[in-house]
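To keep things clear, I will list the structure first and then write my remarks on it.
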Amino acid sequence: MPYTTNDIRRVEEKWQSYWETHKIFKAEMNEKKQKYYVLEMFPYPSGKIHMGHVRNYTIADVIARYKMMRGFNVLHPMGYDAFGQPAENAAIKRGVSPSEWTYKCIDDMRIGLKKMGFSYDWDRELATCDTSYYTWNQWIFLKMAERGLAYKKASPVNWCPSCATTLANEEVIDGACWRCKNQVEQKDLDQWYLKITHYADELLEDLKKLNNWPSRVVAMQENWIGKSFGADIYFKVKGSDAMITVFTTRPDTIFGATYVTLAPEHPMVRKLAKGTAQEAAVEAFIKKSINVSKSPRMSGEERKEGVFTGGYAVNPVNGETIPVWTGDYVLMGYGTGAIMAVPTHDQRDFEFAREHKLPMRIVIQDPANKDITPEQMTQAYVDEGLLVNSAHFDGTPNEEAKQKIAQWMEKGHMGRVSVHWRLRDWLISRQRYWGTPIPMIYCTGCGIVPVPYADLPIKLPENAPITGEGGSPLAKVPEFVNVKCPNCGGEARRETDTMATFFDSSWYFLRYCSARNDREIFDAKEAKYWMPVDQYIGGIEHAILHLLYSRFFTKFLKDIGMVDVPEPFDRLLTQGMVLKDGEVMSKSKGNVVDPDEVIAKFGADTLRMFILFAAPPEDQLEWNPAGLEGNWRFINRVWNSVETRYAKGAVAGAVLDAQDKKLEFERHGAVKKVTDSMEGGFKFNTAISGVMVLVNAVDKYKVTVGNAHQQAMYNRAIETAVQLLAPFIPHAAEELWQMMGKTDRTVAGVAWPTYDEAALKTDTVKMVAQVNGKVRAEFEVPCDADEAYLRPIVLADESVQRHIAGKEIKKFIVVKNKLVSIVI
RNA sequence: GCUGGAGUGGCGGAAUGGUAUACGCGUCGGUCUCAAAAACCGAUGUUCUAACGGGCGUGUGGGUUCGAUUCCCACCUCCAGCACCA
């Protein structure tokens with residue numbers, strides 16, 4: 001009887017319900033047991049689960065089940081990243097409330113997750129839009145505000161006119177909104193920021209601890225934080241007391257500075273131009289540069305535009321007077337918004353200088369081209385060399401001069417050694433409804449007053465008009481806005497901005513540690529036990545922001561004594577995309593495969609197995625219906641083997657014949673292979689192939705009718721195969737386990753099989769002989785045979801003889817149990 | 001440009017110094033059947049040869065080694081991320 005579609009449905013429903021009612025996967029703190037925390041990046045509840053979710057969570061589930069069989073106390077929770085804009089869009093489009101829409105989606109997702117048979121502790125399920133969760137967002141915000149890490153600042157922000165909201169720098173991609181792809185504008189607004197830069201050094205330093213993260217993720221974070229060493233240099237403005245501070249990573253080139261360039265937004269630009277012939281030109285240039293959204297300015301392909309400001313500055317190291325320009329290739333947001341231009345040794349300065357006919361001076365000599373003049377240069381010389389035209393530094397190697405000149409300037413008050421970062425503070429204000437209200441109050445008398453902790457939570461009002469236009473919906477709810485000042489009792493207004501949703505996902509892994517705690521954010525003792533997350537699994541798209549923010553929050557919560565780990569995620573696995581016909585599966589491309597349909601036909605086990613077997617977890621996975629059927633066939637073969645050839649109660653004898661030994665060899669070998677594949681970085685594809693090899697051997701093993709010994713040998717081998725398959729195809733494994741009469745425990749709770757090295761040793765071994773690196777013959781020889789034994793046998797071989805052909809043997813190399821290499 | 005990764009049969013992939021292509025898919029042949037499907041058995045890198053046997057073969061070119069998919073050097077191609085960050 002094959003494993004029919006009806007069997008699949010019956011078996012899968014049976015075991016899903018068994019696991020749930022018996023709370024097989026409930027996690028409880030137990031100091032005596034070693035814990036293992038497996039976590040997948042929780043989903044945004046937008047509807048049903050898709051193949052990307054299925055892959056992500058199947059990977060996590062196999063790890064969780066495997067670790068449980070290995071005896072760990074496993075925490076494997078699930079929840080929903082439930083605040084966000086799609087809920088508001090749905091509200092506008094369909095007239096349902098964001099809350100109603102979101103909870104409906106959560107219900108749909110939960111059904112999909114349960115159908116896959118994932119081993120979650122459902123008692124810890126959470127949704128970030130629940131008041132019981134976002135209360136603690138507000139708590140964290142207030143704690144940060146107390147320490148000056150949450151602050152309000154008027155500043156130019158990225159404004160998406162289509163979404164009518166501000167965006168973090170991270171949410172602007174090539175000058176467009178990451179969500180709606182419309183052009184982003186610059187606008188001055190009062191906004192809340194989190195001071196992530198306070199942790200810049202720690203966030204960078206501690207990357208060294210993340211040895212079990214993919215190197216590219218670490219590299220991306222390093223890049224994003226962007227620490228640059230160099231010097232700030234002070235240029236006096238000619239004819240005034242004003243000063244321009246520039247930042248450079250190349251203080252060794254200071255004697256080659258032939259002009260200074262300011263970002264168009266730099267406050268000195270207008271001051272310098274005032275009253276000069278350049279005033280009108282400068283004004284026009286500022287207008288043009290600032291109004292143009294960031295994208296063309298940042299694209300790097302544009303010609304470098306700029307104008308002379310009309311002012312001059314003095315190079316502090318040589319007293320030289322040089323012109324001050326403003327140019328669009330200098331960014332206000334990095335460094336000091338001002339640079340010293342050294343066209344001979346910086347490609348951007350070189351292009352700008354050529355474009356605007358500015359002077360150049362060589363200060364680092366190209367050893368291969370010593371006599372070149374600036375006029376002959378076709379590009380900046382940016383490699384190493386000795387300093388020239390640099391007063392008493394002439395002849396110094398430039399790498400050495402970087403430090404020497406910076407220190408010399410610092411001593412002479414011409415500048416100072418400095419460090420600048422790319423990382424900026426995190427803008428979290430959103431003019432949106434479906435998010436956590438920021439717990440702040442504006443009082444005309446007292447100014448900005450934090451909501452007292454006792455007044456939390458500040459609940460989202462249910463009746464806010466959501467139109468997608470005209471700013472924050474909360475501002476249109478008078479009962480929400482109008483409030484008494486907690487300080488003086490006078491009339492006051494609530495903050496109507498909500499928090500960016502990345503805030504919610506920056507600490508949810510901590511909430512899972514005690515998800516039902518209604519007295520505090522989480523139980524510190526539970527967090528101490530469960531943290532850090534041992535294995536985190538998710539998409540590469542979160543390599544920078546989500547992971548950086550989570551690391552930031554963990555460091556903050558450590559500083560206030562809530563957690564004791566410096567980093568939240570010990571190991572990180574970034575799973576690859578699911579493709580169909582070479583393209584990423586997506587609704588917009590119309591090439592999605594619905595997990596539900598696959599489950600209906602082949603079952604969740606087959607789907608799980610296909611996804612794990614078809615590619616290593618980090619690689620892209622090409623959807624392949626034929627492969628899926630192959631995996632279904634395999635499950636069927638195992639099912640048939642148990643159903644038709646397994647017989648309970650057989651007892652093995654003590655003596656093993658050659659066939660028995662071969663089977664035991666395969667059985668122990670498979671345990672080793674699967675265990676090694678799991679331990680060595682979760683190579684599920686090779687783990688599964690290991691079980692397939694065993695099943696092939698089991699099928700070949702012959703049981704003579706009535707031979708109890710052989711029956712017992714057979715039983716043992718197929719039992720091991722089912723155990724090894726339990727993490728991968730849990731439903732079928734449970735059913736087979738039961739069919740084999742193992743009713744005292746579920747296979748999910750049974751111990752992972754072990755192997756015996758002795759069983760992997762055979763009496764004889766096949767060896768090959770190479771002559772000059774080419775295989776010429778095969779031999780069956782006793783295990784561990786040495787050269788004295790092998791030499792006469794190998795040399796007597798006809799094929800070996802032919803290839804030696806009377807020539808002198810220079811070397812005779814024996815690699816134990818593998819090969820003999822003869823060199824002639 | 002910078003950073004990270006990858007290049008192996010018809011396809012997904014395996015092997016991290018020792019018989020390249022495990023395992024699966026596909027294809028071909030066979031058994032069973034009135035027939036088909038399913039299932040099972042066998043073959044399957046390429047090339048020369050009637051056969052026995054041999055040559056070639058892991059992106060390209062070098063190197064180290066008795067032996068290289070694996071280590072080293074140079075290059076090519078592709079993918080991903082960042083990008084006028086001074």
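All chains are named by letter (A, B, ...) in the order of the sequence lines, taking the proteins before the strands, and each is independently numbered beginning at 1. This is a predicted model, so every value here is computed, not measured.
Within the structure, side-chain hydrogen bond (donor to acceptor under 3.5 Å, both in side chains) contacts touching residues 575-585 of chain A (residues at least two apart or in different chains) do not occur. Among residue pairs with one or both ends in residues 684-696 of chain A, those qualifying as side-chain hydrogen bond (donor to acceptor under 3.5 Å, both in side chains) are A/Arg637-A/Asn696, A/Ser677-A/Thr686; sequence neighbours excluded.
Using a 4.0 Å heavy-atom cutoff across all strands shown, A/Val693 reaches sugar-phosphate atoms only and no base atom.
With a cut-off of 3.5 Å on both pairing distances, the Watson-Crick or G-U wobble partner of B/G10 is B/C25. Across all strands shown, B/A83 remains unpaired; no Watson-Crick or G-U wobble contact has both distances below 3.5 Å. With both pairing distances under 3.5 Å, B/G17 is matched to nothing as a Watson-Crick or G-U wobble pair.
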- Which letter, B, S or -, goes with each nucleotide of nucleotides 41-63 of chain B from 5' to 3', with contact meaning a protein heavy atom under 4.0 Å? ------------SSSS-------
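Relative orientation of the A/Trp632 and A/Phe602 rings is perpendicular, given thresholds of 30° and 60° on the angle between their planes.
When atom types are taken as modelled, the side chain of A/Thr4 and the backbone of A/Asp7 share a donor-acceptor pair closer than 3.5 angstrom. Looking at A/Glu666, its side chain never comes within 3.5 Å of a backbone N or O of A/Val698 through a donor-acceptor pair.
Partners of A/Gln659 under the side-chain contact (heavy atoms from CB on, under 4.5 Å) rule, at least two apart in sequence or in another chain, are A/Asp657, A/Tyr701, A/Lys702, A/Gln710. Under the side-chain contact (heavy atoms from CB on, under 4.5 Å) criterion, A/Ala406 pairs with A/Ala231, A/Pro251, A/Val417, sequence neighbours left out. With sequence neighbours excluded, the residues forming a salt bridge (charged side-chain N to carboxylate O under 4.0 Å, His left out) with A/Lys672 are A/Asp676, listed by chain and number. Residues forming a side-chain contact (heavy atoms from CB on, under 4.5 Å) with A/Thr336 (at least two apart in sequence, or on another chain): A/Asp232, A/Thr245, A/Phe247, A/Ala338, A/His420. Listed by chain and number, the residues in a side-chain contact (heavy atoms from CB on, under 4.5 Å) with A/Lys227 are A/Asp201, A/Leu204, A/Phe229, A/Val419, A/Trp421 (sequence neighbours excluded). Remark: A/Glu787 pairs with A/Arg791 by the salt bridge (charged side-chain N to carboxylate O under 4.0 Å, His left out) rule, at least two apart or across chains.
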Atom pairs under 3.5 Å: protein N/O with N/O of nucleotides 64-71 of chain B:
{"from": "B/C66", "atom 1": "OP1", "to": "A/Lys811", "atom 2": "NZ", "distance (Å)": "2.7"}
{"from": "B/C66", "atom 1": "O2", "to": "A/Ser821", "atom 2": "OG", "distance (Å)": "2.8"}

Listing time: all N or O pairs from protein to nucleotides 72-78 of chain B that are below 3.5 Å?
none

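For B/A14 and B/A22, the P atoms lie 13 Å apart once the distance is rounded to whole Å.
A/Arg422 forms a cation-pi arrangement with A/Trp224, by the criterion of a distance under 6.0 Å to the ring centre and an angle within 45° of the ring axis.
Each of A/Glu622 and A/Tyr334 has a nearest nucleotide on RNA chain B; the 5'-most of these lies closest to A/Glu622.
The side chain of A/Thr261 contributes no N or O atom lying less than 4.0 Å from OP1 or OP2 of B/A86.
Taking a 4.0 Å limit (strictly below) on heavy-atom distances, residues 605-617 of chain A reaches RNA chain B at A/Phe613, A/Ala614, A/Pro616.
Under the 90° criterion around 0 for the glycosidic angle, B/G9 counts as syn.
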